[in-house]
Amino acid sequence: MYDILIVGGGTAGLTAAIYARRAGRTVLVLEGNSLGGQITSSPLVENYPGVPAVSGAEYAQALHGQATALGAEVRFGKVTAAEKTEDGFVLTVRKKTYEGKALILCTGSRHRHLGLDREEALIGRGVSYCATCDGAFFKDMDVAVAGGGDSALQSALYLSAHCRKVYLIHRRDALRAEKAHVTAMEGRENIEPLLGWTVSALQGEESLTGLTLTAPQTGETKDLAVSGLFVAVGQEPENGPFASLADLDEYGYFTAGEDCLTRTPGVFAAGDCRQKSLRQLTTAAADGSVAATAACRWLDAQ
C-alpha cells in the first residue's frame, strides 16, 4: 500500500509527487494518456516563472524526471473505478488494483475540439486552445476565435492586445457571454464578430493559412485568411469515476476550493480538474503543492 495515490501525470500531479516524496511519503502516479498533460502540445512556453523559454514536451520531461529522481513511481493506465475502504482507497486500472492511504485527483481536463479534418495535425501550427499560452506568437497577425461564451470573449480581448485583427466566430446570432465582456469587446476596434457562422474547414498544409466558414441556416460558405485559430468552445473534465468520492459541479469539475479539499477525508483535488477561474501551469503547480502538503498533514494526523 502506498501512502499517496495520485491520478494524473500533468503539472499538478507531478508537482504533488515531488512535494510528497520530499516529505518522505511513498507515491504512485497513475497516468491514463501521456505525461505532462495538455502543455505537451505547446511548441513554446514563455510564461512559467524562472523558465524564459521551453517547449511543452521539454517541460513535461523535466518535471517527470524530477519526480522520479526523488523516488516517485509512475505507471500508465486509465483509472476506471475508485473505492474507499477501511484502510484507505483502491483504484482499478484494467485488471489491476492499487491501494493507497490518501488520494490526490489531478485528472485535468481537455479542451473540447471542433472535430475538423486535420485539426490535430495543425495544433501548434496555427491551431491553439489557449490564448494566454500562445497569443503572443501571433503578434501583428490576423487570427480568429471560435466560440461565443465568456472564455471565447476573454480570449478575443486578450488577443486584441497582440494581434492586428481578431475575428470572433459564433454559430448563433447572439453571444452567450456576460454583458461586461460583450461591452469590452465592442470597445476594441480590431475585434470583428462574425455571428451566424461556423468553422467548417481548416486551410493550409504545413501551417494554418485560413478557414472555411459556413452559415448553418443558409449553407453559404466563405473563406477567411488567418494565421491562427483559437478554439474556445469549452473544456471536458473526466472526473466521472471519482463521483462517489468528490462532488462535481454542473460542468463536471470537482467542487474543491483553494485548499484542494473534497468532501471525503483523505481525498484532494488539484489542477484543471477542479473549479477555478484560471487554468495555467502556475495554478496547476500551486494546486499540486497545496494538495500534497494537505495530504501529508492528513496522514500525520491519522
Side-chain angles (χ1 to χ4, degrees), residues 6-16 29-45 47-48 55-57 59-61 63-64 74 76-82 91 93 104-135 145-152 154-155 199 202 208 228-243 246 248-256 260 269-285 287-288 291:
I6 300 174
V7 182
T11 295
L14 291 175
T15 300
V29 179
L30 294 168
E31 170 55 49
N33 296 303
S34 59
L35 290 169
Q38 296 178 19
I39 197 60
T40 57
S41 64
S42 181
L44 191 62
V45 178
N47 60 354
Y48 196 87
S55 74
Y59 164 81
Q61 185 177 14
L63 193 58
H64 170 240
V74 177
F76 290 92
K78 186 178 181 62
V79 177
T80 56
L91 302 180
V93 179
I104 302 179
L105 302 174
C106 307
T107 53
S109 64
R110 72 181 193 92
H111 294 288
R112 187 175 289 115
H113 291 197
L114 296 175
L116 299 175
D117 288 343
R118 302 187 64 251
E119 184 175 354
E120 302 290 332
L122 289 172
I123 293 175
R125 299 182 177 186
V127 174
S128 173
Y129 302 87
C130 180
T132 55
C133 302
D134 301 327
V145 175
D150 288 320
S151 62
Q154 288 173 326
S155 294
V199 180
L202 306 175
L208 185 74
L229 171 65
F230 292 84
V231 181
V233 292
Q235 293 191 337
E236 299 174 318
E238 298 180 298
N239 295 334
F242 311 99
L248 307 179
D249 68 10
E250 60 182 314
Y251 302 106
Y253 292 98
F254 294 124
T255 56
C260 297
D272 289 1
C273 63
R274 75 169 182 85
Q275 283 181 332
K276 58 198 309 181
S277 59
L278 181 65
R279 293 183 170 89
Q280 293 284 289
L281 290 181
T282 48
T283 61
D287 275 11

Original post:
Judged by atom type as modelled, is there a donor-acceptor pair below 3.5 Å linking the side chain of Asp287 to the main-chain atoms of Ala270?
Top reply: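 Answer holds: no.
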
Original post:
Does any N or O in the side chain of Asp249 come within less than 3.5 Å of the main-chain N or O of Thr255, such that one atom is a donor and the other an acceptor?
Top reply: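 It does not hold such a pair.
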
Subject >> Member of Val127, Leu122, Leu202 meeting the side chain to side chain contact (heavy atoms under 4.5 Å, CB included) criterion with Leu116 >> reply: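 When side chain to side chain contact (heavy atoms under 4.5 Å, CB included) is applied between Leu116 and each of Val127, Leu122, Leu202, only Leu202 qualifies.
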
Working to the nearest 0.5 angstrom, can you tell me the gap between [X] [atom1] and [Y] [atom2]?
| X | Y | atom1 | atom2 | value |
| --- | --- | --- | --- | --- |
| Ser151 | Phe230 | OG | CZ | 13.5 Å |
| Gln235 | Arg279 | CD | CZ | 5.5 Å |
| Tyr129 | Leu229 | OH | CG | 8.0 Å |
| His111 | Ser128 | NE2 | OG | 7.5 Å |
| Thr11 | Ile39 | OG1 | CD1 | 7.0 Å |
| Thr107 | Leu30 | OG1 | CG | 12.5 Å |

Original post:
Does atom OH of Tyr251 have more than 12 heavy-atom neighbours, drawn from other residues, nucleotides or ligands, at distances under 6.0 Å?
Top reply: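 Not buried by this count: 12 neighbours or fewer within 6.0 Å.
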
**OP:** Name all residues meeting the side chain to side chain contact (heavy atoms under 4.5 Å, CB included) criterion together with Ser155; count only those two or more places apart in sequence or in a different chain, and write none if there are none.
**Re:**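 So Ser155 forms a side chain to side chain contact (heavy atoms under 4.5 Å, CB included) with Ala131, Val145, Ala232.
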
Subject >> Qualifying residues under side chain to side chain contact (heavy atoms under 4.5 Å, CB included), relative to Gln280, sequence neighbours excluded >> reply: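 Testing Gln280 for side chain to side chain contact (heavy atoms under 4.5 Å, CB included), a comparison that skips the adjacent residues, returns Asn47, Cys130, Thr132, Cys133, Leu278, Thr282, Thr283.
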
**OP:** Applying ring-ring contact (aromatic ring centres under 6.0 Å, His included), name anything that partners His64, two or more places apart in sequence or on another chain.
**Re:**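 Here no residue qualifies.
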
Original post:
With sequence neighbours excluded, what pairs up with Tyr48 under the ring-ring contact (aromatic ring centres under 6.0 Å, His included) test?
Top reply: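 In terms of ring-ring contact (aromatic ring centres under 6.0 Å, His included), with neighbours along the sequence ignored, Tyr48 is linked to Tyr59.
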
Atom of [X], atom of [Y] and distance for their closest heavy-atom approach:
| X | Y | value |
| --- | --- | --- |
| Arg274 | Cys260 | NE-SG, 4.4 Å |
| Val233 | Ala146 | CG1-O, 3.7 Å |
| Gly9 | Val29 | CA-CG1, 3.9 Å |
| Ala60 | Leu35 | CB-O, 4.0 Å |
| Asn239 | Gly252 | ND2-O, 2.9 Å |
| Leu105 | Cys273 | O-SG, 3.4 Å |

Original post:
Tell me, do Val199 and Glu119 make a side-chain contact under 4.5 Å, heavy atoms counted?
Top reply: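 Sidechains of Glu119 and Val199: no contact.
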
Original post:
Are Leu248 and Phe242 close enough that some pair of their side-chain heavy atoms sits under 4.5 Å apart?
Top reply: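 Heavy-atom side-chain distance check fails, nothing below 4.5 Å.
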
Subject >> For Arg118, salt bridge (charged side-chain N to carboxylate O under 4.0 Å, His left out) partners two or more places apart >> reply: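 None.
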
Original post:
Who passes salt bridge (charged side-chain N to carboxylate O under 4.0 Å, His left out) against Glu236, sequence neighbours left out?
Top reply: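 Once residues adjacent in sequence are excluded, the partners of Glu236 under the salt bridge (charged side-chain N to carboxylate O under 4.0 Å, His left out) criterion are Arg110, Arg112.
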
